[in-house]
Participant: 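Just passing along the structure, written as structure tokens.
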Amino acid sequence: MKENIYPIQVKEITRFNLIISIIWAIISSAFVLMLFLPAFWSIKKISGESAFASSNARLAFVAILICIFFASLIIMLIKVFWNYLFLKSIYYSFDASVFVFKGGIISRFEKILPFSKIQHVIIYETFWQRMLGLSSVSIETAREGMPSQRYYNDFSQNKVMHTGPFIQHLNRQDAIKLKDQIISLSAKSKPVAGI
Amino acid sequence: MATLRETYPLEKTKPLKKTIGKSLTILIIAIIGFLWLLIPLFSNSPAQVTPMFVFIIILAVIFIPVLTYIYQVYYMKLYFYDMKDKTLIIKKGVFSRNEITLPINRIQDVYVDQDILDRMFGLYDLHVSSATMISGALSHIDGLNKKNSDIIKEMILKEIRGKK
């Protein structure tokens, strides 16, 4: 079995997530700025003196904004890094009879799926994935979705419960080729017990 | 060879039906908001309230339904379904696109239904599902007329029977 026959575009999606993280950090700081500014203006109205008159007040305000910016950025970067590690850990392969899907950072999972049990294949393309030319392939089985079956999601992915292997961020053409291969192998396998 | 979408297309009234369905909720909220704003009308001067009335009416009655209709027209344009190589393919979405590919030998049931607005516009929704929960949500073709829905239903059932 060949590993990750169609590679996951880890670098591309990580780059995108990094840009989004910086934008979110800026938005968070701007939001706090909008919340605090009216308070500072009201100090001027009450005391007759601008709240920014003293250099200490100005320094304190700038320091708060910088802290909020970096705090948001750090939280987002941790999320991006975690997602990067998760995508790097993903391994999938298949032969004529089974599909193997493994991964995980601290908790590891391994799914072995006979083709006779595959119900259908869904290709997901969120708005951002379409911009980047990426797609995700979800292989669905008859199993009810449990919370443990939900995989990590980044900024670009719909939060959908997946009962089977969920291979994120492939090139669009690769996703179509993978889907066609899975469907052709699955169609050759007879369903068991009518499912 | 023509696709199923080209041979048995969706009805042109589908975007209008969807717009009415989705706009009804907004209209109800706008009416409640309108009535709620009427209460201070007797204590405040009308000049303070009028711009808010106009804004809510424009937003609820004109702007949102127009945008919804434009979206639904594009949704219908990009709606794709076909049956080939013993599989049923349904692809939909404007901003986020989802494509479901169902092998015919995995289909559990086929049914056709109509909600109240479908009945008013003479539209039918064809549903197929496999043994998964998500197939019920994604694998349906909505906005067909009676003739096309019956033909597609029979085509799918013929393929299923042919597998036995």
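Scope of the values below: all heavy atoms of this structure, side chains included, with no hydrogens, waters or symmetry mates. Numbered from 1 within each chain, the chains take letters A, B, ... in sequence-line order.
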Participant: Examine whether an atom of B/Thr101 lies under 4.5 Å from a heavy atom of chain A, and if so say whether it belongs to the side chain, the backbone or both; otherwise answer neither.
Facilitator: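 Its backbone and side chain both get close to chain A.
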Participant: Taking salt bridge (charged side-chain N to carboxylate O under 4.0 Å, His left out) as the definition, give me every residue that meets it alongside A/Arg172, ordered by chain and number, with sequence neighbours left out.
Facilitator: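 For A/Arg172 the salt bridge (charged side-chain N to carboxylate O under 4.0 Å, His left out) partners, ignoring immediate neighbours, are A/Glu125.
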Participant: If I measure from the heavy atoms of chain B, does A/Ile118 come under 4.5 Å with its side chain, its backbone, both, or neither?
Facilitator: backbone
Participant: Among pairs that include at least one residue of residues 54-78 of chain B, which meet side-chain hydrogen bond (donor to acceptor under 3.5 Å, both in side chains), considering only residues two or more places apart or in two chains?
Facilitator: none
Participant: Between B/Ile100, B/Leu102, B/Leu88, B/Ile90, which has the largest tally of heavy atom pairs under 4.5 Å with chain A?
Facilitator: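 The answer is B/Ile100.
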Participant: How long is the gap from NE2 on B/His127 to CG on B/Leu138, to the nearest 0.5 Å?
Facilitator: 12.0 Å
Participant: Is there a donor in the side chain of B/Tyr79 and an acceptor in the side chain of B/Asp142, or the other way round, less than 3.5 Å apart?
Facilitator: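 Result is yes, a qualifying pair exists.
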